[in-house]
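Remember, it's a predicted structure, so these values are computed and weren't measured experimentally.
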Amino acid sequence: MFAVRNVTDDTVWIGADDRSVPIFEGMFPIPNGVSYNSYVIKDEKTIIMDTCDSSVAKQYWENLMSVLGDKTPDYLFVGHMEPDHGAQIKHIVDTYPEITVVASPRAIEMMNDFYGLVPKNKMEVKEGDTLSLGRHTLHFVSGMMVHWPEVMVAYDSYDGTLFCEDAFGTFGALDGQIFADRESFDSKYIDDARRYYTNIVGKYGKHVQKLLGKAAGLDIKRLCPLHGQIWDRDIDYILDKYQHWSTYQPEEKGVVIAYASMYGNTESAANLLALMLRERGVRNLSVINLMSTHPSYLVSDAFRYSNIVLAAPTYNNGLQPMMVAAIEDMAGMAVQNRKYSLIANGSWSAASEKCMQELISGMEGMTQVGDSFIIRSSMKADQTADLELLADKIVESMQ
């Protein structure tokens, strides 16, 4: 059964939710599912704006057929060749062999790489090119490395719609709510949106800034991403989030404490520090157990908060592997300009503090707050004052 909804009089959403696949891109947990958006613009000429992932292909085709009916589409726009949006390209071209595929030259080349497809009819577009559908005219703008190299976004000047590909997207199934409402988005979707951006687009902040600069010169009335909700109001809200994330400035003053603990001693120190910070009035605070929580959650909170505390024991004369992976993930996603503090544990060998410092040294603009808090196997009562001092230093750094 088809499930579609009009975005405007001429533009129809034909996307679908996937709540069954537990991970995205083979690595990121998506407990709330994910949506795959696609659109059809019906004018004198009809264009399909991207396709979908194979996991939702059945629903996608039911939706597409309900919108097209007996009409043959004139164009298929492919904004980038990532398979979670391109899985139905070949099927569409096989079904409608006269359709013209509109894409960047690099994307056309990649169609052959992925699907052995060389479109019979193609329109290779670059930034500044346009395509008239009748009333609607699409203006093509390069979105290189947001987050694939061949990304091309399309701006519909007739009704001010920016088809923005993976920009402004989010994890999480739509649950029937295809239009973003700031209040419900902030309470239900913002954490998924942040984790989506920071772990997928995070390292490409400079490229996001370029795209934001181009978008500022357009009269945008709505954003139509390929994941998540459509923004047709409160656009400044999501633009402000992207401004913070892409310039690596924290959204708010707060602390994320991430720990790896084998026997509970490092965990106890991390939990005690969290209590101390709460007692000192810190309300924006999260504690993450890296032994059971995917590092993408730490990356997300590291983008969100001003302060990071890392707590880990020594392991095999080095650093506990979960903490190694977590710091490497933060570095890989270009976490920077943050204040950090360390809790390090060791028994016969105390190497974790040195290892954490070495890993953090490769990250830009990181400033240590307080002395590293060192545990020898377990925290002793006479060390409480030192942990209290570290809590004071962290709070002071947030003023």
> Do Tyr237 and Trp231 have ring centres separated by under 6.0 Å?
Replying inline: yes
> About how many Å separate CG of Asp53 and CZ of Phe24, when rounded to the nearest 0.5 Å?
Replying inline: 8.0 Å
> Do Glu124 and Lys126 meet the salt-bridge criterion of a basic N to acidic O distance under 4.0 Å?
Replying inline: no
> What's in the same ILVMFWY side-chain cluster as Tyr263, cut-off under 4.5 Å, chained through other members?
Replying inline: Met262, Tyr315
> Okay, side chain of Lys339, backbone of Ser397: is any donor-acceptor separation there less than 3.5 Å?
Replying inline: yes
> Around Lys45, counting heavy atoms of other residues, nucleotides and ligands shown, do more than 12 lie under 6.0 Å from its NZ?
Replying inline: no
> Short question: side chain of Lys214, backbone of Ser142 - any donor-acceptor pair under 3.5 Å?
Replying inline: yes
> Quick check, are the ring centers of Tyr242 and Tyr197 under 6.0 angstrom apart?
Replying inline: yes
List the atom pairs, donor and acceptor, that lie under 3.5 Å between side-chain atoms in residues 384-391 and the rest of the protein, sequence neighbours left out.
| residue | atom | partner | partner atom | Å |
| --- | --- | --- | --- | --- |
| Thr384 | OG1 | Ala381 | O | 2.9 |
| Glu388 | OE1 | Arg280 | NH1 | 3.2 |
| Glu388 | OE1 | Arg280 | NH2 | 2.3 |

> Pairs in or reaching into residues 110-146: which pass ring-ring contact (aromatic ring centres under 6.0 Å, His included), with residues at least two apart or in two chains?
Replying inline: Phe77-Phe140, His136-Tyr158
> OH/Tyr39 to CG/Asn6 distance, rounded to the nearest 0.5 angstrom?
Replying inline: 13.0 Å
> Has the side chain of Gln229 got a donor or acceptor atom that lies under 3.5 Å from a matching backbone atom of Gln177?
Replying inline: yes
>> Test salt bridge (charged side-chain N to carboxylate O under 4.0 Å, His left out) on Asp159 and Lys221; report intermediate values, then the result.
In response: CA-CA 7 Å; Asp159 54 20; Lys221 293 183 173 61; over 6 Å; no
>> When you measure from the side chain of Arg338 to the backbone of Ala302, do you find a donor-acceptor pair of N or O atoms at a distance under 3.5 Å?
In response: yes
> Taking only residues at least two apart or on different chains, which pairs with a member in residues 299-311 satisfy salt bridge (Lys or Arg N to Asp or Glu O under 4.0 Å)?
Replying inline: Asp191-Arg304, Glu252-Arg304
>> With a 3.5 Å distance limit and no angle check, can you tell me whether Thr137 reaches the backbone of Ser157 through a side-chain donor-acceptor pair?
In response: no
>> For the CG atom of Asn37 and the CZ atom of Phe163, what is their distance to the nearest 0.5 Å?
In response: 11.0 Å
>> Apply salt bridge (charged side-chain N to carboxylate O under 4.0 Å, His left out) to residues Asp175 and Arg19 and explain how you reach the verdict.
In response: CA-CA 10 Å; Asp175 294 344; Arg19 300 181 184 86; 3.1 Å; yes
>> If you define the side chain from C-beta out and look only at heavy atoms, does anything of Ile92 sit under 4.5 Å from Ile99?
In response: yes
>> Classify the ring geometry of His85 against His227: parallel below 30°, tilted from 30° to 60°, perpendicular beyond 60°.
In response: tilted
>> Ring of Phe303, cation from Arg194 - is the NZ or CZ under 6.0 Å from the centre and inside 45° of the axis?
In response: no
>> Side chains of Asn345 and Thr266: any donor to acceptor distance under 3.5 Å?
In response: yes
>> What verdict does the side chain to side chain donor-acceptor pair (under 3.5 Å) test give for Asp166 and Tyr196, after you've listed the backbone C-alpha separation in whole Å, the side-chain angles of each residue and the deciding distance to 0.1 Å?
In response: CA-CA 10 Å; Asp166 279 336; Tyr196 172 88; 3.3 Å; yes
> Apart from Val118 itself, what residues make up its hydrophobic cluster when side-chain heavy atoms of I, L, V, M, F, W and Y under 4.5 Å apart count as a link, directly or indirectly?
Replying inline: none
>> For Glu364, I'd like to know if atom CD has over 12 heavy atoms of other residues, nucleotides or ligands within 6.0 Å.
In response: no
> Distance-only, no hydrogens or angles: does the Ser261 side chain make a donor-acceptor pair with backbone N or O of Glu267 under 3.5 Å?
Replying inline: yes
> Has the side chain of Asp186 got a donor or acceptor atom that lies under 3.5 Å from a matching backbone atom of Arg182?
Replying inline: no
What side-chain donor-acceptor pairs closer than 3.5 Å can you find for residues 204-213, not counting sequence neighbours?
| residue | atom | partner | partner atom | Å |
| --- | --- | --- | --- | --- |
| Gln209 | NE2 | Gln243 | OE1 | 3.1 |
| Gln209 | NE2 | Ser246 | OG | 2.8 |

